[in-house]
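On a predicted model such as this, the values are computed, not experimentally measured, just so you know. Proteins get letters first, then strands, A, B, ... in listed order; numbering begins at 1 in each.
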Amino acid sequence: MLKDYYVLDREIHAKITEFDLAQTFECGQCFRWNKIYDNGYLGISSGKVLEIEQKQDRFVFRGTDRATFEGYWIDYLDLKRDYGKIIEKISTEMHMIRATEYGNGIRILLQDEWEALVSFIISSNNNIKRIKKIVEGLCKLYGKPADYKNNMLFAFPDPKDIYGAGCEDLGDIKCGYRAGYIIDAVEKVHLEEVDVYSIRNMKYEEGIKELMRIKGVGPKVADCVLLYGGAKYESYPVDVWVKRVTEALYLKKDSKPADIKDLARNMWGDLAGFAQQYLFYYARENKLETGVDK
DNA sequence: ACCCAGGTCATCA
DNA sequence: TGATGACCTGGG
């Protein structure tokens with residue numbers, strides 16, 4: 001966790017344990033952080049740009065100031081949470097011990113709810129590379145530009161920025177049949193038929209029901225939005241990878257999503273979301289095949 | 001050509 | 001409720 005930090009020459013220097021940029025930004029939870037040099041990432045969230053450089057447990061934050069760092073990025077990067085303690089709590093057997101050792105620097109980001117909603121609508125039946133491309137296209141089309149050291153970044157557009165557009169207007173971003181889902185989300189959120197900005201104050205089940213009123217939002221997408229944008233850490237999104245790895249390690253093949261979620265709830269309780277992230281990263285990075293633990 | 005990718009929808013029993 | 005196909009798009 002965040003130990004101490006100081007501001008020097010418009011840079012913030014900090015010592016943070018249990019934090020790795022590559023693991024955190026490439027574990028599949030977010031789509032808008034890019035590596036710009038070795039151990040350096042550049043991203044934008046809620047219209048705020050941030051560059052982060054890492055050397056072991058030392059970090060340098062650039063492009064921000066003390067007030068924004070304290071008022072926004074500490075929460076976004078979840079720097080106050082003791083991940084050592086979480087790892088200790090969920091590592092009750094050897095598989096999770098291995099997974100948490102492998103991804104011991106993962107942190108679950110507190111993303112903007114609306115951005116998480118649209119991003120994970122786009123994620124359905126899709127691959128991460130193309131998801132990133134489509135999200136970026138949407139931002140370039142409707143988001144506010146912000147330049148940073150010769151990099152042109154675009155904020156994720158608000159519902160009002162996209163409202164009025166039709167599916168045909170999204171043609172250039174190549175999101176296929178998901179265009180209709182995005183437009184439905186824009187309309188329902190903009191017209192306040194769905195209150196995505198209140199999911200952090202709702203109970204888990206309530207949040208699921210609220211989100212699933214949008215077309216293209218099923219159980220998996222709703223789980224992701226609640227975990228990554230709603231801070232609902234009991235959420236256990238079950239996608240092909242998590243299904244595969246959970247079955248291989250703890251269950252049998254062809255289990256039902258409900259059974260997989262029950263197991264997660266029983267084993268990890270309100271920390272299931274963290275467990276899910278370690279398992280997902282572990283399985284995907286090691287390309288674990290069905291039933292085979294390499 | 002076929003299958004897959006951080007699934008969901010419509011349809012049918 | 002639960003099972004079955006179809007589905008934009010791009011890469012292997």
- Query: If you look at every strand shown and take non-hydrogen atoms under 4.0 Å, does A:Lys215 touch a base, only sugar-phosphate, or nothing?
  - Reply: sugar-phosphate

- Task: Sticking with atom C1', work out how far B:dA5 lies from C:dA3, rounded to a whole angstrom.
- Result: 22 Å

- Task: Sort out for me which residue in A:Trp268, A:Tyr233, A:Tyr228, A:Tyr236 forms a ring-ring contact (aromatic ring centres under 6.0 Å, His included) with A:Phe274.
- Result: A:Tyr233

- Could you walk me through whether A:Tyr5 and A:His13 pass ring-ring contact (aromatic ring centres under 6.0 Å, His included), step by step? CA-CA 5 Å; A:Tyr5 60 94; A:His13 295 249; over 10 Å; no

- Would you indicate what A:Pro237 reaches in the nucleic acid, counting non-hydrogen atoms under 4.0 angstrom: base, sugar-phosphate, or nothing? base

- Message: Ignoring hydrogens, what is the shortest heavy-atom contact between A:Arg178 and A:Arg130? Give both atom names and the distance.
- Response: NH1-NH2, 3.6 Å

- Taking the P atom of each, how far is C:dT4 from B:dG6, in whole Å? 24 Å

- Between A:Ser45 and A:Tyr72: side-chain donor-acceptor atoms closer than 3.5 Å: yes

- Item | Integer-rounded Å distance: C:dC7 P and A:Tyr181 OH | 12 Å

- Query: What does A:Gly218 touch in the nucleic acid at a heavy-atom separation under 4.0 angstrom: a base, only the sugar-phosphate, or nothing?
  - Reply: sugar-phosphate

- How would you label the contact of A:Val217 with the nucleic acid (heavy atoms, under 4.0 Å): base, sugar-phosphate, or nothing? sugar-phosphate

- If you find the nucleotide of DNA chain C closest to A:Ser124 and the one closest to A:Lys133, which residue's nucleotide is nearer the 5' end? A:Ser124

- With a 4.5 Å heavy-atom cut-off, do A:Lys129 and A:Lys132 have their side chains touching? no

- Using the criterion of both pairing distances under 3.5 Å for Watson-Crick and G-U wobble pairs, give all stems of 3 or more consecutive pairs involving DNA chain C. B:2-5 with C:9-12, B:7-13 with C:1-7

- Of A:Phe280 and A:Ile214, whose nearest nucleotide on DNA chain B comes first from the 5' end? A:Phe280

- Task: For nucleotides C:dG10 and B:dC9, find the distance between their P atoms and express it as a whole number of Å.
- Result: 23 Å

- Query: Yes or no on side-chain hydrogen bond (donor to acceptor under 3.5 Å, both in side chains) for A:Thr17 and A:Asp57, after CA distance, side-chain angles and deciding distance?
  - Reply: CA-CA 6 Å; A:Thr17 57; A:Asp57 60 353; over 6 Å; no

- Task: Taking heavy atoms of chain A and a 4.0 Å limit, find me the 5'-most and 3'-most nucleotide of DNA chain B within that range.
- Result: B:dA5 to B:dC9

- Query: Given the rule in the side-chain hydrogen bond (donor to acceptor under 3.5 Å, both in side chains) test, do A:Asp65 and A:Thr68 qualify, once you have shown the distances and angles that lead to the verdict?
  - Reply: CA-CA 5 Å; A:Asp65 52 48; A:Thr68 309; 2.8 Å; yes

- Could you measure between the two C1' atoms, the one in C:dG5 and the one in B:dC4, and give it in whole Å? 16 Å

- Message: Using a 4.0 Å heavy-atom cut-off, does A:Gly216 contact any base of the nucleic acid, only the sugar-phosphate backbone, or nothing at all?
- Response: sugar-phosphate

- Query: So what does A:Cys27 hit on the nucleic acid, given a heavy-atom distance under 4.0 Å: a base, only sugar-phosphate, or nothing?
  - Reply: base

- Query: Looking only at side chains, do A:Tyr83 and A:Glu88 share a donor and an acceptor under 3.5 Å apart?
  - Reply: no

- Pick base, sugar-phosphate or nothing for A:Tyr228, based on heavy-atom distances below 4.0 Å to the nucleic acid. base

- Ring centres of A:Tyr102 and A:Tyr278 under 6.0 Å apart? no

